[in-house]
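Please read the structure below before turning to the comments.
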Amino acid sequence: MLRFAVTLFAVITSSTCQKYGCLEGDTQKLKPSPESDMQECTLYSKSSCCYADFTEQLAHSPVIKVSNSYWNRCGQLSKSCEDFTKKIECFYRCSPHAARWIHPNDTAAIQAVPLCQSFCDDWYEACKDDSICARNWLTDWEWDESGENHCKNKCIPYSEMYANGTDMCQNMWGESFKSSEESSSSSSSSSSEEHACQNKLLKFQKPEEEEGEQTR
């Protein structure tokens, strides 16, 4: 999880600790605020766009359903793949910075959030042997009257659905994410305020990393 915090920060070369507004999703607040009882997504507990009770859906493995979206339509995700999927879900639902990339035509969506290439590659590696039936998780489902998702195509391995990490990052969530080379994102021109923000992220995340190590 610490690596994800650093990965996201590394590609936000103009980001500071300024608080942005929240996306207009069905689980997001109007503006970010602290959440002390988050069971997942704790990276954002100091300034969260989601309520703590939302994270209860992500707190137990395997994750079956988040809001109206089932994650197990092609069988349960492996733990490693599930962990990456949780990180993406946490960013979209809870990050106070997600609205920085708000979609110009949809205030509940994000567009072109940069993710480091190494993160995309690791995500692909974690999921490649799992199965999936929707190339685009935003559009390639059959939705029933209750708003729940169902496969409309056959289940195939991630490694057949996506050519590599870049392909997965840039297509699994539609236009939401793009891959970015680290070399272009770790610019020496970063301001001291940005470095202060990075240190703040690291400080918040270290206890969580240590806790994770103790439970392995």
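All heavy atoms count here, side chains included; hydrogens, waters and symmetry mates do not.
Of the possible polar contacts, one joining the Glu82 side chain to the Val63 backbone as a donor-acceptor pair under 3.5 Å is found. Of the possible polar contacts, one joining the Lys29 side chain to the Ser48 backbone as a donor-acceptor pair under 3.5 Å is found. Between the side chain of Thr55 and the backbone N or O of Gln39, at least one donor-acceptor pair lies under 3.5 Å. Listed for the Glu142 side chain is no donor-acceptor partner under 3.5 Å among the backbone atoms of Asn149. A side-chain donor-acceptor contact under 3.5 Å links Glu35 to the backbone of Ala52. Asn72 places no side-chain N or O within 3.5 Å of a backbone atom of Gly75 that could act as its donor or acceptor partner.
Of the two cysteines examined, Cys81 and Cys127, the SG atoms meet the criterion of being under 2.5 Å apart. As summarised for Cys94 and Cys50, their two SG atoms come within a distance smaller than 2.5 angstrom, satisfying the threshold. For the two cysteine residues Cys74 and Cys151, the thiol sulfurs sit 2.5 Å or further apart.
Between atom OH of residue Tyr44 and atom NE2 of residue His97 there is a gap of 8.5 Å, rounded to the nearest 0.5 Å. For the atom pair CZ (Arg100) and OG (Ser95), the distance works out to 11.0 Å, reported to the nearest 0.5 Å. Here the CG-OG distance, from Leu138 to Ser176, works out to 5.0 Å after rounding to the nearest 0.5 Å. With values rounded to the nearest 0.5 angstrom, Ser159 atom OG is found 11.0 Å from Met168 atom CE.
Proximity of His150 to Asp144: side-chain heavy atoms (C-beta onward) are separated by under 4.5 Å at one or more points. The shortest side-chain heavy-atom distance between Trp71 and Ile64 does not fall under the 4.5 Å cut-off. Side-chain contact between Met172 and Arg135 is absent, with no heavy-atom pair separated by less than 4.5 Å. Side-chain contact check for Asn164 versus Cys120: every heavy-atom pair is 4.5 Å or farther apart. Using a 4.5 Å heavy-atom cutoff, the side chains of Cys41 and Arg93 are not in contact. Taking 4.5 Å as the limit, some side-chain heavy atom of Ile88 sits within range of a side-chain heavy atom of Trp173. Taking 4.5 Å as the limit, every side-chain heavy atom of Glu175 sits out of range of all side-chain heavy atoms of Val113. Between Lys65 and Glu148, the closest side-chain pair of non-hydrogen atoms falls below 4.5 Å.
Taking the charged nitrogens against the carboxylate oxygens, Asp83 and Lys87 have no contact shorter than 4.0 Å, which rules out a salt bridge.
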Walk me through it: do Ile102 and Ile110 pass the test side chain to side chain contact (heavy atoms under 4.5 Å, CB included)? CA-CA 4 Å; Ile102 193 167; Ile110 51 179; 5.9 Å; no
Test Lys178 against Cys169 for side chain to side chain contact (heavy atoms under 4.5 Å, CB included), laying out the working first. CA-CA 6 Å; Lys178 67 177 182 179; Cys169 267; over 6 Å; no
Any chance you could lay out the side chain to side chain contact (heavy atoms under 4.5 Å, CB included) test for Ser131 and Ile156, step after step, and finish with the verdict? CA-CA 5 Å; Ser131 293; Ile156 61 175; over 6 Å; no
What do the steps show when you test Tyr158 against Asp129 for side chain to side chain contact (heavy atoms under 4.5 Å, CB included), and what is the final call? CA-CA 6 Å; Tyr158 276 67; Asp129 295 326; over 6 Å; no
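Asn136 and Asp140 share no donor-acceptor pair across their side chains, judged by distance under 3.5 Å alone. With no hydrogens or angles considered, a side-chain donor-acceptor pair links Thr166 and Gln117 at under 3.5 Å.
Note on ring orientation: taking the six-membered ring where Trp is involved, the planes of Phe177 and Trp123 are perpendicular (angle over 60°, cut-offs 30° and 60°). Aromatic ring pairs are classed by plane angle as parallel below 30°, tilted from 30° to 60° and perpendicular above 60°; the pair Trp143 and Trp141 is perpendicular.
In plain terms, the two heavy atoms of Met161 and Cys133 that are nearest each other are CE-C, 3.9 Å. Closest heavy-atom contact between Ala112 and Trp101: O-CD1, 3.8 Å. For Leu23 against Ala108, the heavy-atom pair with the smallest separation is CD1-O, 4.4 Å. Looking at every heavy atom in both residues, Cys90 comes nearest to Leu58 through SG-CD1, 3.9 Å. Ala59 approaches Glu40 most closely through the heavy-atom pair CA-CG, 3.6 Å. Between Asp130 and Ala126, the shortest heavy-atom distance links the atoms OD1-O, 3.9 Å.
A chain of hydrophobic side-chain contacts below 4.5 Å, direct or via other Ile, Leu, Val, Met, Phe, Trp or Tyr residues, connects Val66 to Ile132. By the criterion of side-chain heavy atoms lying less than 4.5 angstrom apart, applied directly or through intervening Ile, Leu, Val, Met, Phe, Trp or Tyr residues, Tyr92 is not grouped with Tyr70; the two fall into different hydrophobic clusters. By the rule that hydrophobic residues join a cluster once side-chain heavy atoms approach within less than 4.5 Å of another member, Leu43 and Met38 end up as members of separate clusters.
Relative to the ring axis of Tyr124, Lys128 does not place its NZ or CZ within 45° and under 6.0 Å from the centre.
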